[in-house]
Amino acid sequence: MSGCKTVAVLRVGLTGGMGAGKSTVARRLTELGGHVVDADAVAREVVERGTPGLAALVDAFGADILADDGSLDRPALAAKAFRTDADREQLNSITHPLVGKRMAELIEAAPSDAVFVYDVPLLVENGTGAGFNLVLVVDVPVDERVRRLVEYRGVDEADARARISAQATDEQRRAAADVLLDNSGPEGALDSVVTDLWHKRLVPFERNGRERRPVTPHPELVPHRPEWAAQAERIIARLRLVCGERALRVDHVGSTAVPALVARDVLDLQVTVADLDVADELAEALAQAGFPQVAGVSSEPPKPEYGIGGEADPGLWAQRLHASADPGRPADVHVRVDGWPGQRFALVLRDWLRADPQVRAEFQAAKHRARVDGELNYSEALEPWFDRAYNRAWDWADENGWEITAS
């Protein structure tokens with residue numbers, strides 16, 4: 001569409017349970033310069049009296065969903081729209097495109113360096129986290145939230161607990177959180193945390209994405225971190241949404257996908273596509289989603305000694321490498337062709353390392369030697385180990401009947 005922004009603004013989802021203090025975080029982000037959008041307010045706006053949205057709802061559900069003044073009678077609509085899954089789908093088919101269009105209009109009207117923060121109370125319940133570059137969750141224990149609702153809002157305790165129990169659990173929200181904001185302290189204690197988040201992560205993330213500048217992570221090895229798996233799953237969900245059917249599979253690969261293995265704090269994700277034309281078609285969408293392409297990297301080093309089924313052909317090791325623009329979560333996204341050596345080896349190596357403690361120990365020792373050797377290129381320092389490991393990995397695969405499983 002003419003005039004549309006070619007680079008998407010940073011989209012941050014903000015959520016939290018009743019009484020957690022989400023509005024406090026939204027207010028502070030607004031003060032810092034964030035464009036905070038109340039998702040519920042937008043949903044109400046697109047079906048106000050006299051709008052095409054309200055007319056479409058009347059056509060679908062009948063005039064008795066209107067109040068006497070011609071506005072939407074929400075309880076009346078809910079009584080009809082939530083009777084069956086088909087009714088709910090019809091409601092969503094009307095309102096979701098209207099909300100999306102209105103959100104796009106707000107983005108189009110904003111400055112090119114805007115950080116959009118979407119205040120979405122039911123983000124976790126509706127499973128929409130993958131649609132954001134980051135999800136912020138305001139976290140407070142249930143009993144403290146109940147106390148605040150009773151003391152500050154005058155809500156009956158039984159009613160407060162009933163409402164909270166109808167929402168996502170704390171565990172579900174934490175699983176969805178890229179950033180967990182603990183608001184269980186005294187009033188105002190979270191302001192400095194949100195300020196640091198704004199200056200150290202949100203603003204740099206937006207700038208890196210706009211300038212198509214991948215994050216350069218610190219090369220130091222760290223012990224395996226249990227949170228890597230969940231972080232990878234959230235990024236995988238975003239990559240699947242961005243790539244759609246063009247991604248045949250998306251996997252967590254590399255050292256961070258192997259429990260108990262030391263690694264650089266950089267997640268490796270592999271997007272499998274049908275051919276390199278598809279990989280190139282995805283470049284712009286990935287960049288707009290916060291994963292710009294790494295300049296000058298289009299293939300991996302050819303391995304002439306691998307000569308299995310023509311795998312010595314350097315072209316069969318080609319890939320397209322993207323990397324995260326998020327300074328708070330470095331990640332490399334390898335876009336590789338289905339069935340080509342690089343794509344297959346990434347999967348078999350991960351599974352071999354997971355299955356064999358001795359091989360895992362070998363690889364870990366090689367990593368430590370690479371670190372001790374000073375300012376060596378990490379990949380080059382490990383290349384001799386990979387050269388020896390390639391055929392061994394496939395021998396292990398053959399002996400154990402290894403197959404590529406569903407992602």
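Keep in mind it's a predicted model, so treat the numbers as computed, not measured. Atoms considered below: every heavy atom in the structure, side chains included; atoms not considered: hydrogens, waters and symmetry mates.
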Give a yes or no on whether a salt bridge exists between [X] and [Y], defined as a side-chain N under 4.0 angstrom from a carboxylate O.
X	Y	value
Glu48	Arg44	no
Asp178	Arg238	yes
Arg225	Asp265	yes
Asp338	Arg344	no
Arg246	Asp275	no

So how far is it from [X] [atom1] to [Y] [atom2], rounded to the nearest 0.5 Å?
X	Y	atom1	atom2	value
Thr15	Glu125	OG1	CD	6.5 Å
Thr256	Gln231	OG1	CD	9.0 Å
Ile236	Cys243	CD1	SG	11.5 Å
Asn92	Glu89	CG	CD	8.0 Å
Glu245	Arg240	CD	CZ	13.5 Å

message = Under the criterion side chain to side chain donor-acceptor pair (under 3.5 Å), I'd like the reasoning laid out for Asn208 against Arg213: C-alpha separation, chi angles, the key distance, then a yes or no.
response = CA-CA 5 Å; Asn208 290 343; Arg213 183 168 55 197; 3.2 Å; yes
key: Test salt bridge (Lys or Arg N to Asp or Glu O under 4.0 Å) applied to Glu284 and Arg212, step by step   = CA-CA 10 Å; Glu284 179 62 23; Arg212 307 292 175 94; 2.8 Å; yes
Compare all side-chain heavy atoms of [X] with those of [Y] and state whether any distance is below 4.5 angstrom.
X	Y	answer
Val142	Arg161	yes
Leu14	Val138	yes
Leu66	Leu54	yes
Arg249	Ile404	yes
Trp340	Leu276	yes
Leu123	Tyr118	no
His199	Leu32	yes
Thr195	Arg28	yes

ask   = Within the distance-only criterion (no hydrogens, no angle test), does the side chain of Glu144 pair as donor or acceptor with the backbone N or O of Pro141 below 3.5 angstrom?
value =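 A pair under 3.5 Å: no.
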query = Within the side chain of Asn133, is there an N or O that forms a donor-acceptor pair under 3.5 Å with the backbone of Ala289?
reply = yes
inquiry  = Could you walk me through whether Phe205 and Val215 satisfy the side-chain contact (heavy atoms from CB on, under 4.5 Å) test, starting with their C-alpha distance in whole Å, then the side-chain angles of each, then the deciding distance to 0.1 Å, before giving a yes or no?
reply    = CA-CA 9 Å; Phe205 191 175; Val215 169; over 6 Å; no
message = Going by side chain to side chain donor-acceptor pair (under 3.5 Å), name the residues that satisfy it together with Arg392, two or more places apart in sequence or in a different chain.
response = Glu362
ask   = Mind checking what makes side chain to side chain donor-acceptor pair (under 3.5 Å) contact with Arg264, not counting sequence neighbours?
value =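 Arg264: no side chain to side chain donor-acceptor pair (under 3.5 Å) contacts found.
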inquiry  = Could you tell me if Arg320 and Gln293 have a donor-acceptor pair between their side chains, going purely by distance under 3.5 Å?
reply    =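 Not at all, the side chains of Gln293 and Arg320 share no donor-acceptor pair under 3.5 Å.
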message = With no hydrogens and no angle check, just 3.5 Å: does a side-chain donor-acceptor pair link Ser71 and Asp69?
response = yes
inquiry  = Going by side chain to side chain donor-acceptor pair (under 3.5 Å), name the pairs with one or both residues in residues 348-359, residues two or more places apart or in two chains.
reply    = Asp351-Trp402
ask   = What residue among His368, His224, Arg360 forms side-chain contact (heavy atoms from CB on, under 4.5 Å) with Val262?
value = His368
inquiry  = Given Gln270, which partner from the list His252, Arg336, Gln319 fulfils the side chain to side chain donor-acceptor pair (under 3.5 Å) test?
reply    = Arg336
